[in-house]
Amino acid sequence: MKKYNISAVLIVLILAVVSSASAQEKKVVTKKAAEPQKEVICFESRLGASEVTQREIKPGLPNVKCSPKTGAVLWWGDPYEGTVPMGKMPIKADYSKGVAVVKPRSAKMALLPICGTACHNGTYPPLPKNKRPRKLTMHTDIVPDSLNLQHGRGAIWCLDCHNTKKRNKFVDNFGDEIDFNQPQKLCGKCHGPIYRDWRDGIHGKRIGQWATTGKKRWFVCTECHNPHDVQQGKRNSGFAQLAPEPAPILPKGMKNADHERHHNTDESGQENKGSKQKGH
Amino acid sequence: MTDKKAPKNNPDIEQTSTCDTTEPSEKNKETESVSPSRRGFIKQMGGLSVASLMGTAALLTHSDDAEANTTWAEWFQGNYRLMTDEEKEQAIARLERRYTSEFGKQVTVDGTPAQEGVLFGYALNIQKCIGCRRCVKACVEENNQSRGDKQEIEWIRVLKMEKGEFTIDKMNDGYPGGYGIQVGGNAYSAAGVVLEGEHYYEPKKVPESDSFYFPIACMQCEKPPCVKVCPVRTTYREPDGIVVVDYNWCIGCRMCIGACPYWARRFNWGEPNLSSKDMNPKTHYLGNRPRMKGVVEKCTFCIQRTRKGRYPACVEVCPVGARKFGNLLDPDSEVRRVLARKRMFRLKADANTYPKFFYFID
């Protein structure tokens with residue numbers, strides 16, 4: 001019995017020394033250097049749509065964390081910052097149990113409050129007589145993409161979406177106004193199945209609480225898609241190409257990632273073609 | 001333990017009492033008090049020497065500070081699943097103290113248990129994914145992984161895959177390029193999709209025209225092979241379906257990494273590199289609390305967020321809205337709507353792991 005005790009004592013003693021030594025090693029002295037505050041503005045979903053200025057909500061808790069490489073928001077400290085209630089849900093139904101908020105777009109557009117009354121007041125400029133597209137001569141600075149409209153394959157033009165008599169609103173199928181903050185009502189005119197999926201949370205993006213009854217910030221159509229450039233020319237895709245985040249670092253000792261290149265890319269692709277020709 | 005005094009000839013009660021985990025220890029105590037056995041004696045002596053040595057060791061290494069005491073207590077704490085509520089509270093308080101002093105800011109460690117009637121599920125639109133890797137980086141921001149050149153750990157991997165085509169001219173094409181697993185074509189030329197992806201793709205802009213992208217993380221299987229093989233049972237499935245790891249009980253044998261068919265688990269080969277500035281102070285015991293050297297970690301569906309009602313970080317960050325998350329037991333949830341309406345598949349369904357991570361297409 002003494003033997004057992006002695007060995008137990010020895011083991012514990014060794015453990016004690018080792019663990020306390022490692023505990024002392026781990027001590028990290030953290031210094032807080034007073035750095036000059038620089039304003040960081042990041043974009044949320046796509047470049048050119050909603051943007052956020054980085055700040056601290058609480059000490060140590062930023063409102064957003066951004067990617068140092070691409071400037072995209074990676075993490076929200078407060079998902080509801082700067083949002084307003086969506087108002088009426090798109091359609092009242094059994095799935096609209098939760099609380100929906102959206103980030104208003106109107107805040108970003110400086111001319112919006114006055115453009116409907118000061119310039120485009122319904123009588124001036126003269127209303128177009130027909131729907132034949134013509135070149136936009138003014139406001140090319142506001143909507144640079146509009147000169148080369150990539151939407152509807154030539155079948156639609158400006159005033160199918162923008163209200164003729166009240167230029168700070170959109171227009172629905174019956175000539176009624178749609179608010180700039182509710183583009184989904186406009187887009188849903190043509191893109192019915194996608195609108196339905198968006199309503200049910202299958203299409204598009206929401207942040208906040210996962211529960212069906214929870215509070216969510218819904219991203220509206222224009223926050224992810226550029227309405228004037230949805231076709232993207234030859235790409236024919238609703239979503240613009242963007243810069244990816246950096247690749248994972250290579251394992252130790254590996255110089256490059258050539259081992260995983262595919263048939264149809266780079267040198268290895270050419271080699272493959274060569275061998276194929278030889279084979280035949 | 002009211003059933004202790006029940007007559008022995010009642011088989012039902014006897015059965016329920018043996019199922020109870022606290023029963024054997026109490027039985028032991030009883031027998032010990034009657035006649036001290038050899039085992040009991042050794043146990044007592046062992047306990048005594050441990051207690052005395054703790055003091056000696058503290059004196060020997062001049063470390064009477066909180067750090068050393070915490071380390072001691074962590075050495076002797078049990079498996080999180082078997083801890084009593086009180087022990088859990090103590091363990092959590094200990095960790096909060098440790099992390100707060102280590103990172104120089106207030107860190108909270110959460111122990112919120114699973115909610116009743118919730119089974120988490122995930123759906124990913126494979127057609128929408130553009131391979132921008134924002135989910136990967138958002139996950140790192142949220143979950144306190146090691147970062148930097150020395151040891152970079154990412155829980156999500158995004159594979160770039162070539163778009164396959166089953167065309168007649170490919171069927172008769174010459175010799176294989178030597179890459180990938182053949183799923184179509186003939187014996188010499190792979191047609192269709194090859195299940196071999198590129199990890200390290202880095203074009204200027206994504207998506208590239210000839211590729212699609214395939215994000216993979218832990219699938220939170222209903223029959224997780226990693227749980228089966230863990231020799232110390234430190235990884236287990238929680239009632240809400242999340243497979244978790246108690247990092248303190250992990251011995252670093254990496255059996256689970258070998259068992260996982262989805263390459264979802266990562267190992268801390270070195271001391272994790274996490275600065276105070278990058279550290280996310282809202283943590284969960286079974287989730288994103290800072291790990292130590294020599295333990296395995298993996299995706300937990302952001303347990304620290306989802307148990308509090310918030311979407312996982314990767315769901316929120318996805319710029320194309322390809323990621324959907326919700327309660328599989330709620331027919332109105334987003335995931336259930338996806339499953340009801342879209343065509344879906346599970347990765348390696350033939351492995352019989354029953355993942356709760358579904359890939360779907362429009």
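Lettering follows sequence order; numbering is per chain, from 1. Note that the coordinates shown come from a computational prediction; the quantities given were computed from them, not determined experimentally.
Only the backbone of B:Lys150 comes within less than 4.5 Å of a heavy atom of chain A; no side-chain atom from C-beta onward does. Proximity to chain B (any heavy atom under 4.5 Å) is restricted, for A:Lys69, to the side chain, taken from C-beta onward. Looking at B:Val118, the atoms closer than 4.5 Å to chain A (heavy atoms on both sides) all sit in the side chain, from C-beta outward. Neither the backbone nor the side chain of A:Glu223 comes within contact range of chain B; no heavy atom of the residue lies under 4.5 Å from a heavy atom of that chain. Both the backbone and the side chain of A:Pro79 have a heavy atom closer than 4.5 Å to some heavy atom of chain B. Contacts of B:Arg341 with chain A are made by side-chain atoms alone, with heavy-atom separations under 4.5 Å and no backbone atom involved. Heavy atoms of B:Thr306 lying under 4.5 Å from chain A belong to its backbone as well as its side chain. Looking at B:Lys204, only its backbone comes within 4.5 Å of chain A, counting heavy atoms on both sides.
With chain A as the partner, the residue from B:Glu154, B:Arg305, B:Arg134, B:Glu142 showing the most heavy-atom pairs under 4.5 Å is B:Arg134. Of the listed residues A:Leu242, A:Asn256, A:Leu250, the one with more heavy-atom pairs under 4.5 angstrom with chain B than any other is A:Leu242. Counting heavy-atom pairs under 4.5 Å between each of A:Ala257, A:Pro248, A:Ser45 and chain B puts A:Pro248 at the top. Of the listed residues (B:Gly131, B:Ser209, B:Cys132, B:Cys135), the greatest number of heavy-atom pairs within a distance under 4.5 Å of chain A belongs to B:Cys132. By number of non-hydrogen pairs under 4.5 angstrom with chain A, the leading residue of B:Cys318, B:Ala313, B:Pro281 is B:Cys318. Across A:Gly208, A:Ala72, A:Ser67, A:Gly201, the residue that shares the most heavy-atom pairs under 4.5 angstrom with chain B is A:Gly208.
Within a 6.0 Å radius of NZ in B:Lys342, other residues, nucleotides and ligands contribute more than 12 heavy atoms. Remark: B:Asp149 CG is loosely packed, at most 12 non-hydrogen atoms of other residues, nucleotides or ligands lying under 6.0 Å away.
Ion pairing between a basic and an acidic side chain is recognised when a charged N comes within 4.0 Å of a carboxylate O; B:Glu141 and A:Lys65 show such pairing.
Scanning all heavy atoms of the two residues, the minimum distance from A:Ile249 to B:Tyr200 falls at O-CE2, 3.8 Å.
You'll find the side chain of A:Phe239 reaches within 4.5 Å of the side chain of B:Pro319, heavy atoms only. Counting heavy atoms from C-beta outward, A:Glu245 and B:Val136 have side chains that stay 4.5 Å or more apart. For the pair A:Pro246 and B:Arg133, the minimum side-chain heavy-atom distance is 4.5 Å or more. Side-chain atoms of A:Arg206 and B:Glu334, non-hydrogen and from C-beta on, do get closer than 4.5 Å to each other.
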B:Asp330/A:Thr212 under side chain to side chain donor-acceptor pair (under 3.5 Å): CA gap, chis, key distance, verdict: CA-CA 8 Å; B:Asp330 173 10; A:Thr212 315; 2.4 Å; yes
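For A:Cys221, the disulfide (SG to SG under 2.5 Å) criterion is met by no residue, not counting sequence neighbours.
Between atom NZ of residue B:Lys205 and atom CZ of residue A:Arg235 there is a gap of 9.5 Å, rounded to the nearest 0.5 Å. To the nearest 0.5 Å, atom CG of residue A:Leu61 and atom NZ of residue B:Lys105 are 9.0 Å apart. Of the inter-residue distances, the one linking B:Arg323 atom CZ with A:Lys205 atom NZ reads 11.5 Å to the nearest 0.5 angstrom. Taking NZ from A:Lys216 and CZ from B:Arg310, the interatomic distance works out to 12.5 Å, rounded to the nearest 0.5 Å. A distance of 10.0 Å separates NZ in A:Lys252 from CH2 in B:Trp269, rounded to the nearest 0.5 Å. Rounded to the nearest 0.5 angstrom, A:Trp210 CH2 and B:Cys302 SG are separated by 13.5 Å.
Looking at A:Gln241, its side chain does come within 3.5 Å of a backbone N or O of B:Pro207 through a donor-acceptor pair. Without hydrogens or angle criteria, B:Glu202 side chain to A:Ala247 main chain gives a donor-acceptor distance under 3.5 Å.
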